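First the structure, in the form of structure tokens, and then the observations on it.
Since this is a predicted model, take the numbers as computed values, not measurements.
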Amino acid sequence: MVLRASISLVTGYLLSAYVHPAWMLAVAGIWLVICLWLHPSKRPGKTPLILLSILSGLYFTGYEYLQRTELVPLAVREATILTRGSIETPLVRDGDVARLFYSVKGIKKSDGSWESLSANERVALRVKLDTEEEAARVEKWRHGSEIIAPVKFYNPPTARNPHAFDYARYLELQGVFVMAETSFSDVQIFREDHSVWGQFQQWQTDAAARIESLFADEQTAGYMKSLLLGVRDDVSPEWGDMYAELGLSHVLAISGLHVTLVSSMFMWLLEKAGVKRNLALMATIIFLVGYVLLVGASASAVRSGMMGGVGLACQVWNRRLDGREVWAGALIIMLLFDPHQLWNVGFQLSFAVTLGLIIFVPYSLYVCTRLPSWLRVLLAVTSTAQIVSFPFLVYHFHQFSLLSWGVNLIVTPVLSSIVLPLGYMALLFSLLHPALSSLPVWISTKLLEWVHTPLFALQDWKIPFTHWPHPAWWWLVLYTIFLISLPILWNRGYHRKRDLTLALILFVALLVFARQPFSGGEEVRITFLDVGQGDSIIVEVGQQKVYLMDAGGNPAWTIREPWREKRDPFEVGKDVVLPFLRARGIAHIDRVVLTHGDADHIGGMTALLQRISFGGVLVNPTKPEGKEQELLQRFEAKGVPIWTGKPGQSWTDMPGVEWKWLHPGQSTDFLGNDASVVLQLTAFGRTVLFTGDIETDGEKHLLAHGLPMIDVLKVAHHGSKTSSTMDFLAVTQPKYAVISAGQHNRYGHPAPEVLGRLGKSVEALYRTDHHGAVTLVISSQGLSWKTAISDT
């Protein structure tokens, strides 16, 4: 009954979140009418579930209403206001910025009086640091400390590229709707927090500092802090990426494995000390509560702690409970406390995989009965976790390695049964004397070296099918139905060899359809990514070829002071271009086009070289220098051919699609921006002109050698006033134009003169600084446009 109630609760939340209240009431009415037609013996079991769904939807609506914010008007106009409030979460310092959640309790009005908010509002606060001394002092701030500070409110950024991380949505799910910024020197700190939650956070901080002192290697220390305490902020980006790509990220999350290990160790110590079993069980339950708080009370930790506590309580009272009912009870309690957790990926993975293990592992043990029982259990657990987590991983991260199953089968037991206990032993022994921790620290460090060396080697392999396109809703539904139907059919006797073979065939078919093999076959998809002030364009020619024209890039700022360096600085190639390629399922680029050597066009390519395979590179004939030369040398070292073209040269990728090289020629008369590669794409009778950063001289040269009328113009040089002259627009007569420029860029791109000229020439103008990424699909039916941000 509890399991059915949890399903009704989730159904009510989803209806309330995605369906208009009027439709929700209509659905409820239809449902009730259907129940009236049911046999009376079945009616009592259905009606309470319907009522629970309706009440759950109303509860979610009320919760959403109470989450409304009073600070959005201040954020819209980016007002700077003196505020008072308290620190809500542990502070994280990254270089010269500290981040925390700040609970605003009041704001100072223009007349000098304080206005209390109707409810304390959480904001994501960034504290700017100007000196190394401030960086050291800010790390002493603690949860609950009262502060007064002038802060500048602003709206959090939304996703500006397809399927990119939506920071605004991420904050909203944590009850945060606005961001704020202040300087350390402007903040006044008052009393320290002495609450229970604050004390546990202090203990976590102290334990993390102790781990840093025990493990001399910075990367190992950051890894162990995540493994033992759930503090993931200090995991090195290289290790985090490797774990994500090989499907091992779950190891770094506090889960049921941690709870089982820690509770078993604690129980063993109590029983060895002579404590009676029932008393030891009760003490372990209390210990689990403290452990969950100590490791940060993440969704997976709370779920594990609750289910583990119920399991221990059942042993005290000598009762047996169905694991599914315990799972459902934990789900209901956590979603009543915070309904937004339903959209948290950690929550989804924790509950989905746990339910999968409860349901599928017992059935899996009946397969391959000739194997030893321990091996069958290991295979069943690993396979179930992989199969159940697969749709969540490809939906949220667009990554799943075919090596993941084998890697988890071998590596996870080593990390969980050896490295994890050794880490806790080292932490425990260090409380007595640091010297006692030397041996477990040395063993665990060596084990990590032995494990990670082959893992990094595997990561460097170009394994096919590691990037998965964003799944369609219908595929998610089919996959869910497939998983639900397996135990139902098994219980009805469909578990003969031929039944299992059919199930395997269906599963493989679902994996094939997850690759979307039949989509986009007769179209050309052009995506102008929003990479800030730069260019990056992906052209997908049906299922035949993928072109990458530039990859954006960050300005090369020199960090004069080491303390200002970010742990994982933002980089366009790694943080924008690569995630988009993953979301499209692209792991191989057939042709890279480096239009010219400016950093805002080629800087992001370095990150892609490590993760993407390439078929060839097209460049202009000028002599490469600096970053461009280094980049081409790396392509050559990987055996990637490098070509250039000449005006009039053309090639086709599929019927109806032709490329033509227009500029520059083999001479080196043009340098800098005017040496940009200019390509013309004709697809299904429509013409697109890619102009790089050419300026007036480059345009004159193109006009002198003849240009056709075009349908779409990629505006040159981010809309600079030195390009897109009236003569050029008069000859090409584009119907549509796209400008790639950064929001609030310091160059003033696009120039007002260019916008004026384009306004008189084109039917529609798309700008990445206004619209985010712009996607153009060309097919035999014509052109269709889509932007990442529709409401401008």
Side-chain angles (χ1 to χ4, degrees), residues 90-94 139 200-266 287 290-298 300-301 304-305 346 407-408 410-456 459 567-568:
L91 175 143
V92 176
R93 182 181 75 85
D94 189 14
E139 292 184 350
F200 273 100
Q201 290 190 330
Q202 181 60 51
W203 288 341
Q204 185 190 51
T205 302
D206 294 342
R210 188 174 295 276
I211 290 173
E212 286 184 356
S213 66
L214 292 174
F215 293 86
D217 180 65
E218 184 179 350
Q219 287 186 318
T220 304
Y223 176 89
M224 295 304 290
K225 282 192 282 186
S226 179
L227 184 70
L228 304 178
L229 302 173
V231 180
R232 303 193 65 168
D233 295 312
D234 293 330
V235 177
S236 74
E238 295 80 14
W239 288 27
D241 289 344
M242 181 267 287
Y243 269 62
E245 290 185 28
L246 296 180
L248 291 168
S249 294
H250 62 91
V251 174
L252 298 177
I254 303 298
S255 63
L257 185 65
H258 293 70
V259 168
T260 302
L261 174 67
V262 170
S263 59
S264 299
M265 291 172 60
F266 188 76
F287 169 78
Y291 174 74
V292 169
L293 293 174
L294 178 66
V295 298
S298 64
S300 59
S304 305
V407 168
N408 272 276
I410 299 170
V411 173
T412 301
V414 174
L415 296 176
S416 59
S417 60
I418 302 178
V419 176
L420 183 63
L422 285 172
Y424 281 126
M425 287 171 59
L427 199 56
L428 184 62
F429 290 167
S430 69
L431 297 175
L432 303 176
H433 195 281
L436 298 175
S437 301
S438 300
L439 183 59
V441 166
W442 181 83
I443 296 174
S444 57
T445 301
K446 286 299 180 183
L447 276 173
L448 286 177
E449 290 178 5
W450 296 337
V451 168
H452 285 166
T453 299
L455 289 182
F456 276 112
Q459 185 192 20
R567 184 181 63 86
D568 185 18

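Listed by first then second residue, pairs satisfying salt bridge (charged side-chain N to carboxylate O under 4.0 Å, His left out) with a partner in residues 423-436 number zero, not counting sequence neighbours. Applying the side chain to side chain donor-acceptor pair (under 3.5 Å) test to every pair with at least one member in residues 411-425, sequence neighbours left out, gives these pairs: Tyr291-Tyr424, Asn408-Thr412. Every pair tested for salt bridge (charged side-chain N to carboxylate O under 4.0 Å, His left out) that includes a residue from residues 421-433 fails, sequence neighbours excluded, so the list is empty. Judged as a ring pair (Phe, Tyr, Trp, His ring centres under 6.0 Å), the pairs with a partner in residues 242-265 (not counting sequence neighbours) are, in order, Tyr223-Tyr243, Tyr243-His452.
Residues Val259 and Gly305 come closest through the heavy atom pair CG2-N, 4.0 Å. The two residues Gln204 and Val295 make their nearest non-hydrogen contact at NE2-C, 3.4 Å. Nearest heavy-atom pair, Phe215 versus Ser444, reported as atom, atom and distance to 0.1 Å: CE2-OG, 3.5 Å. In terms of heavy-atom proximity, Leu252 sits nearest to Ser226 at O-OG, 3.1 Å. Nearest heavy-atom pair, Met224 versus Leu448, reported as atom, atom and distance to 0.1 Å: SD-CD1, 4.0 Å. Contact record, Gly256 with Ser304: N-OG, 2.9 Å, taken as the closest heavy-atom pair.
Side-chain atoms of Leu227 and Leu415, non-hydrogen and from C-beta on, never get closer than 4.5 Å to each other.
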Q: Could you go through the side chain to side chain contact (heavy atoms under 4.5 Å, CB included) check for Leu248 and Leu455 one step at a time?
A: CA-CA 10 Å; Leu248 291 168; Leu455 289 182; 3.9 Å; yes
Q: Test side chain to side chain contact (heavy atoms under 4.5 Å, CB included) on Val251 and Val411 and set out the steps.
A: CA-CA 10 Å; Val251 174; Val411 173; over 6 Å; no
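A distance of 10.0 Å separates CG in Leu436 from CG in Leu428, rounded to the nearest 0.5 Å. Rounding to the nearest 0.5 Å gives a distance of 13.0 Å between CG of Leu228 and CZ of Arg210. Note that the CE atom of Met242 and the CD atom of Gln459 stand 6.5 Å from one another [nearest 0.5 Å]. Residue Leu229 holds its CG atom at 13.5 Å from CH2 of Trp203, rounded to the nearest 0.5 Å. From Asp241, atom CG reaches atom CG of Leu246 across 10.5 Å, with rounding to the nearest 0.5 Å.
Scanning for side chain to side chain donor-acceptor pair (under 3.5 Å) contacts around Ser430 gives an empty result, with sequence neighbours left out. The side chain to side chain donor-acceptor pair (under 3.5 Å) check on Gln202 picks up Arg142, Asp206, with sequence neighbours excluded. For the side chain to side chain donor-acceptor pair (under 3.5 Å) test, residues two or more places apart in sequence or in another chain that qualify with Asp568 are Lys574. Glu449 is linked by a salt bridge (charged side-chain N to carboxylate O under 4.0 Å, His left out) to Lys446, counting only residues two or more places apart in sequence or in another chain. Judged as a salt bridge (charged side-chain N to carboxylate O under 4.0 Å, His left out), and not counting sequence neighbours, the contacts of Glu139 are Arg93. Take Arg232 and apply the salt bridge (charged side-chain N to carboxylate O under 4.0 Å, His left out) test, not counting sequence neighbours, and it matches no residue. A search for side chain to side chain donor-acceptor pair (under 3.5 Å) contacts involving Thr220 returns Asp217, not counting sequence neighbours. For Asp234, the salt bridge (charged side-chain N to carboxylate O under 4.0 Å, His left out) partners are Lys225, not counting sequence neighbours.
Between the side chain of Ser438 and the backbone N or O of Ala435, at least one donor-acceptor pair lies under 3.5 Å.
In Trp442, the CH2 atom is not crowded: 12 or fewer heavy atoms of neighbouring residues, nucleotides or ligands sit closer than 6.0 Å.
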